[in-house]
Each structure stands twice: as structure tokens, then as C-alpha cells.
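Below is one structure, written out as C-alpha cells, with a few remarks after it.
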Amino acid sequence: MNQAIVRLKKGEGRALKAGGAWIYDNEIDRIEGSCENGDMVTVEDFDGYPLGQGFINTHSKITVRMMTRKKDAIVDDFFIEMRVRDAWEYRKATVDTASCRLIFGEADFLPGIVVDKFSDILVVESLALGIDRWKPVILEKLQQVLAEDGIRIRGIYERSDAKVREQEGMPRAKGFLSAPFDPRVEIVENGVRYIVNVEDGQKTGFFLDQKYNRLAIRRLCPGKRVLDCFTHTGSFALNAAAAGASHVLAVDSSETGITQARENAALNGFSDRVEFCCADVFELLPSLETKGEKFDVVILDPPAFTKSRSSIKNAVKGYHEINIRGMKILTDGGYLATCSCSHFMDPELFAKTIREAASGAHKRLRQVEYRTQAADHPILWSGKEQASYYLKFYIFQVCEEK
């Protein structure tokens with residue numbers, strides 16, 4: 001069956017040619033042949049040079065999401081199995097797979113879909129029309145490949161409830177894709193136990209991307225007083241406690257998150273050393289400074305302050321504020337772990353914001369290390385940008401001017 005051809009305008013497709021996976025609506029000159037949204041199409045440059053194949057959706061500004069650079073590849077069940085198998089082999093080689101991200105969209109050459117594994121449960125988020133059609137096959141192949149290594153999947157839950165699906169002309173979807181099961185799943189990460197709520201937790205239920213960053217702060221925490229801001233369900237706080245922190249104050253504005261964090265602390269026997277506070281971090285930090293409170297370690301793990309380029313200025317203000325406040329309540333020689341999970345807050349801008357916060361706080365920074373997302377969220381290099389690169393994580397020693 002002949003596929004429709006999407007022909008690019010002259011001079012367009014630069015990001016695609018540099019290794020990107022998307023073609024925007026304003027890059028397309030014309031569509032030759034008939035197709036429906038969600039169908040595979042062949043992509044050609046203005047002069048007919050083949051650039052590969054992808055899924056089309058004229059409802060979306062991202063009109064084509066590339067599946068392969070090969071013009072003669074056949075995207076079928078065998079092709080999907082190859083992609084899934086490659087993704088699993090990569091995880092086995094790079095991360096602890098007890099709980100991990102199995103599929104990370106474009107970075108695993110399966111654009112628009114994410115699959116997380118929490119112990120023996122899979123959670124899927126499908127955000128693109130073309131890949132949504134292949135979702136049952138992807139999940140079937142994942143279970144098949146995992147079973148070959150003796151891993152039995154007990155259930156599957158869908159969390160395709162993000163608003164971006166509406167931009168693809170798709171309704172939001174949420175619910176069981178298997179026989180129903182208790183959506184509160186216990187996992188173990190870095191030796192710490194958590195209850196993950198795959199039904200009502202943020203995103204797919206738990207942020208797996210910080211797994212090794214949580215581990216990295218442990219060596220700084222024995223015997224120390226630690227402040228964990230934006231604690232969510234307590235993950236950094238519990239790693240600090242597991243490392244032997246004398247006291248941890250964990251803060252989040254979500255009462256639901258704090259309730260879950262308290263339960264996780266009790267699950268690990270840390271309730272005596274971890275104190276939880278439901279508060280706005282932007283209000284709490286100045287209050288702690290006014291009271292003269294000091295901490296040996298401050299952790300800043302905020303949600304994305306910007307999800308578009310248009311709101312970057314406000315995001316910079318937010319990152320500047322929490323970092324300057326965090327530095328001011330640190331003991332001399334204390335440690336700051338600070339991060340941004342916003343793709344649009346690029347590494348250079350984030351570093352500049354931290355540098356300016358340090359200047360405003362009259363502190364000197366000594367970088368301990370710089371980290372990114374865990375390897376199960378691979379960073380795919382393409383041209384000048386690294387697609388799928390979003391998490392920036394610094395650890396600094398913060399020193400007084402002397």
C-alpha cells in the first residue's frame with residue numbers, strides 16, 4: 001500500500017536533518033496522496049530526497065512524528081518488537097530495573113508514548129494519535145520481552161490524562177488496561193520503600209528521573225540538619241534520613257503529597273527524624289530566614305516553573321528567589337542541591353540564574369557535581385540541542401565571603 005508523501009518546503013526540516021523527530025505544520029509545502037490522521041506517511045525534502053517515515057496528525061502543530069529514517073522500513077508488529085526489545089536491553093545495561101522508565105518516547109524512537117514500570121505494574125501515558133494506535137502492541141511486546149527475563153507484569157494502568165492530548169484531537173484517557181488491581185503499589189528505590197499511587201499520583205505516579213540524584217545527596221547528610229523543599233511524596237527527605245540525617249524538614253504545598261510522604265516515612269521507620277510541613281515554599285523560606293533558622297543541607301526540587309518559552313522570565317524569577325533564599329539559610333560550608341526539570345530552562349540560563357542568586361546572597365559556590373536525569377530517561381543528541389534533555393541538577397558547597 002502506497003503511503004501519502006509529506007513534502008517539505010525548501011530550506012525547512014533543519015531540525016529533522018540534524019537528528020530531530022518532529023516536523024511542524026509550517027515546514028510542510030504539501031501532502032501528496034490521501035491519508036487519515038494517525039497514518040504513516042513518507043517524508044521527503046523539497047527535491048524528493050527521502051527523509052524517512054512518521055505519523056501524521058494535521059490537528060497538531062507537530063504534524064509528523066518520525067518513526068524511522070529509512071524510507072523502505074515496514075512499521076509493523078516486528079518493527080515495534082525491535083524498538084521495545086532495544087529499549088529493554090538498554091535499561092538492563094544502565095539502571096536498576098526494579099522500577100524504571102521502560103519507554104521514553106522519542107528518545108527510544110517511539111514518539112509520543114511513555115511507559116513506567118513500578119515493581120510488577122506498568123503505567124502508560126500516550127500523547128500522540130499515531131502511537132496511540134500502536135499502544136496495545138507496544139504493551140503486548142513489553143510484557144513478552146519482560147517475561148523472557150522472568151518478569152511477570154501483574155497489571156497495566158493508563159494515565160493518558162494530560163491536556164496535550166486535546167491538542168492532538170484526542171480525548172483524555174485514564175483507567176485500567178488490565179484486570180483491576182490496587183492502584184497503590186509498593187516499590188523499593190535505593191533501599192527506600194514508597195507507596196506509589198498510579199491512579200491519582202502526579203504524572204504516572206512517581207518521579208523516577210531523580211533516582212540517582214537522590215542517592216547522590218546521601219553522603220552529605222549523615223548527622224546533618226536537612227531542609228527538603230517541594231518534597232512531593234518525600235523522596236529526597238527519605239534518602240536524607242536513610243543516610244543518617246539528624247533531622248529533616250520536608251515541605252510541600254500539597255496536602256495530598258504530604259499525607260503520602262508521612263506514610264512513606266512511617267513505612268521506612270523514619271517518622272521520628274522527618275518532620276513534614278504543608279506550606280508554600282516561597283512563603284516559608286523568608287519566614288525561616290527571619291527566624292534565624294539554619295540548615296546544613298538544603299534541597300530544592302521544584303516542579304517545572306515554565307512549560308513554554310513565553311513564560312521563561314517568570315520562571316527565572318522563581319528559580320532566583322528560591323535559590324537566594326535557600327543559600328541564606330545554609331550554614332557556612334553547607335550544601336545546596338538545586339535543580340530544574342523544565343526543558344525550556346536551558347542549562348546555560350539555569351546556571352546564570354544560580355550564579356546571580358549566589359551574588360545576591362553574598363555567597364561563594366563550589367560545585368560538587370552536576371547531574372542530569374537517570375539513564376532510563378535517555379538524552380538523545382540531535383544537532384545543537386539534546387532532545388529529551390530537561391533535568392539539570394547541581395550540588396554546591398555554599399561558603400561565606402571571608
Side-chain angles (χ1 to χ4, degrees), residues 189-194 207 210-254 257-303 319 321-341 354 357-358 361 363 365-369 371 393-400:
E189 179 194 271
N190 302 335
V192 178
R193 299 162 68 193
Y194 302 92
F207 297 113
Q210 293 271 32
K211 178 187 297 186
Y212 298 112
N213 299 338
R214 291 189 271 263
L215 198 59
I217 61 103
R218 286 194 180 191
R219 64 179 173 273
L220 307 175
C221 296
K224 298 299 182 4
R225 193 161 186 254
V226 179
L227 174 64
D228 177 23
C229 297
F230 309 98
T231 194
H232 188 224
T233 56
S235 55
F236 272 105
L238 298 186
N239 274 269
S246 60
H247 182 264
V248 183
L249 174 60
V251 185
D252 201 278
S253 61
S254 166
I258 289 295
T259 299
Q260 184 66 73
R262 283 198 181 101
E263 183 180 357
N264 287 334
L267 190 64
N268 290 276
F270 297 151
S271 298
D272 60 331
R273 283 185 289 134
V274 184
E275 175 189 354
F276 292 98
C277 173
C278 186
D280 184 330
V281 170
F282 285 92
E283 296 175 359
L284 182 68
L285 288 176
S287 173
L288 292 172
E289 183 185 347
T290 300
K291 292 175 182 177
E293 295 274 8
K294 290 290 183 179
F295 296 86
D296 303 303
V297 179
V298 171
I299 301 162
L300 302 173
D301 180 23
Y319 287 115
E321 173 69 9
I322 61 173
N323 278 279
I324 194 171
R325 297 291 183 181
M327 292 179 200
K328 286 183 175 182
I329 60 175
L330 271 168
T331 55
D332 183 22
Y335 293 89
L336 174 71
T338 182
C339 65
S340 167
C341 62
I354 296 170
K363 306 287 186 181
L365 298 182
R366 293 206 293 189
Q367 182 176 320
V368 178
E369 61 180 310
R371 307 176 63 87
F393 183 94
Y394 281 102
I395 299 175
F396 295 105
Q397 185 185 43
V398 180
C399 304
E400 301 282 357

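One N or O on the side chain of Q397 and one on the backbone of G333 form a donor-acceptor pair closer than 3.5 Å. Using modelled atom types, one side-chain atom of D252 and one backbone atom of H232 make a donor-acceptor pair closer than 3.5 Å. No side-chain donor-acceptor contact under 3.5 Å links N239 to the backbone of R218. With K224 contributing its side chain and H247 its backbone, the two residues share no donor-acceptor pair below 3.5 Å. In this structure a side-chain-to-backbone donor-acceptor pair under 3.5 Å is missing from D280 to S253. A donor-acceptor pair is defined here as one N or O able to donate and one able to accept, closer than 3.5 Å; no such pair exists between the side chain of N190 and the backbone of V192.
Between I322 and C229, the closest side-chain pair of non-hydrogen atoms is not below 4.5 Å. Looking only at side-chain heavy atoms (C-beta outward), M327 and I354 come within less than 4.5 Å of each other. By the 4.5 Å heavy-atom criterion applied to side chains, L227 and L285 are counted as neighbours. For the pair Q210/E189, no side-chain contact is recorded, criterion being any heavy-atom separation below 4.5 Å from C-beta on. Under the 4.5 Å side-chain criterion, counting only non-hydrogen atoms from C-beta, L365 is in contact with V398. With a 4.5 Å cut-off on side-chain heavy atoms, L336 and N323 count as touching.
Residue pairs meeting the salt bridge (charged side-chain N to carboxylate O under 4.0 Å, His left out) criterion with at least one member in residues 229-239, sequence neighbours excluded, do not occur. For residues 332-341, every residue pair satisfying the salt bridge (charged side-chain N to carboxylate O under 4.0 Å, His left out) rule, not counting sequence neighbours, is listed here: D332-K402.
If you check the side chains of T233 and Y194, you find no donor sitting under 3.5 Å from an acceptor.
Residues passing the salt bridge (charged side-chain N to carboxylate O under 4.0 Å, His left out) test with R325 are E289, E321, sequence neighbours excluded.
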